[in-house]
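Worksheet: the structure to be examined is printed underneath.
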Number of protein chains: 2
Amino acid sequence: MLAYSIGEFSKMVGLSGYTLRFYEKEGLIKVNRDENNVRIYSDENKLWIESLLHLKNTGMSLKDMKKFAMWGHGGDETMEDRLTLLKNHRKKVLEDLEELRQSLEHLDNKINFYENELGDCFSEN
Amino acid sequence: MLAYSIGEFSKMVGLSGYTLRFYEKEGLIKVNRDENNVRIYSDENKLWIESLLHLKNTGMSLKDMKKFAMWGHGGDETMEDRLTLLKNHRKKVLEDLEELRQSLEHLDNKINFYENELGDCFSEN
DNA sequence: TTAATACTTAGAGTTTACTCTAAGTCAAGA
DNA sequence: TCTTGACTTAGAGTAAACTCTAAGTATTAA
């Protein structure tokens, strides 16, 4: 397949129709239409959305995703801007990751503490 | 020192006075008062808040933090519950971490792509 | 004495990212 | 024909986690 209705696509990418329309309205996706103005999503759209979801996953705001998408829909002159945005974002992600690692360590220590207190009867699983 | 006003404590832990009162109202912290009903934060409070912030950092909701805090302010009979909550949370954190790692990889690939496209003039920094 | 800082309750406002409703139209398939 | 699923605009609602204002009081340090 190559072309999907909003209903099919919604299931494929795990976003509600509302959200897909919302993202489109916000300029995050460009979607083709058929002769009746009905949205036709492509595999390319899928790749793009998945890319966006990765950015979202790493904590990028819709606002920045919008910027990135606008540039992406523009020409090659925006490549430098896009790269800069991604690099700055990457820095933040690495910092977040480090903080997360520390917090996870703290969590592990807490769990160990409770397990010791409770006398190892809960150390499985 | 051992005792801090809300103003001092606010700076120490990086939370606004509003937030500190809000957390207290929500049951996340217990704070002593002096004879004039003025909040007196202790080093113990600091450790507790830092603990909470680690949980928050790993994506725990206020709602769950509240549960945990309520139990913490209760007695030892709640230890098992607390341990269960922490363990379940840990599982989620590990999943999130894995997802984050994948998204970071995707981000790195994107950055490499742009750098190649732009002919390595931006590969520093 | 005045400024700074603290306290209270109650509730309004903010931001982000959706999520849904209303009210109407249109086109394809059983 | 009727149901299903698509479309539109415009705006309301939701949830989380704060953030702030109002309006009044109290204490402490300069």
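All chains are named by letter (A, B, ...) in the order of the sequence lines, taking the proteins before the strands, and each is independently numbered beginning at 1. A quick note: this is a predicted structure, and the numbers were derived from the prediction, not measured. Excluded from the calculations below are hydrogen atoms, water molecules and symmetry mates; all remaining heavy atoms, backbone and side chain alike, are included.
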Check whether any side-chain N or O of B:Arg39 sits under 4.0 Å from OP1 or OP2 of C:dC7, and answer yes or no. yes
Indicate whether OP1 or OP2 belonging to C:dC18 is found under 4.0 Å from a side-chain N or O atom of A:Arg21. no
A:Glu26 CD - C:dT19 P separation (whole Å): 14 Å
Phosphate-side-chain proximity, A:Arg33 and D:dT8, N/O vs OP1/OP2 below 4.0 Å: yes
Is a donor on one side and an acceptor on the other found under 3.5 Å between the side chain of A:Glu8 and the backbone of A:Ser5? yes
Examine B:Tyr4 together with B:Tyr41 and report whether their ring centres are nearer than 6.0 Å. no
In B:Met70, B:Glu26, B:Lys56, B:His89, the residue satisfying side chain to side chain contact (heavy atoms under 4.5 Å, CB included) with B:Met65 is B:Lys56
4.5 Å side-chain heavy-atom contact, B:Lys87 and B:Leu83: yes
With the threshold set at 4.0 Å, does a side-chain nitrogen-carboxylate oxygen contact exist between B:Lys30 and B:Glu24? no
Nucleotide C:dA17, atom P - distance to CG of A:Leu52 in whole Å: 13 Å
Mind calculating the distance between NZ (B:Lys63) and C1' (D:dA16) to the nearest angstrom? 11 Å
Nearest-Å distance for atom pair CD1/P, residues A:Ile6 and C:dA27: 18 Å
Please give, in whole Å, the distance from D:dA6 C1' to A:Phe9 CZ? 16 Å
Produce a footprint string for nucleotides 18-28 of chain D: one letter per nucleotide, 5' end first; B if the base is under 4.0 Å from any protein heavy atom, S if only the sugar-phosphate is, - if neither. BSBB-----SS
Can you tell me how the ring of B:Phe68 sits relative to the ring of A:Tyr114, calling it parallel under 30°, perpendicular over 60° and tilted otherwise? perpendicular
Just to verify, what does B:Glu35 make a side-chain hydrogen bond (donor to acceptor under 3.5 Å, both in side chains) with, not counting sequence neighbours? none
Comparing nearest nucleotides in DNA chain C, the 5'-proximal residue of the pair A:Met60, B:Glu24 is B:Glu24
Whole-Å distance separating the NZ atom of B:Lys66 from the C1' atom of D:dA17: 11 Å
Among the nucleotides C:dA6, D:dA6, D:dT8, which one has an atom lying closest to any side-chain atom of B:Ser5? C:dA6
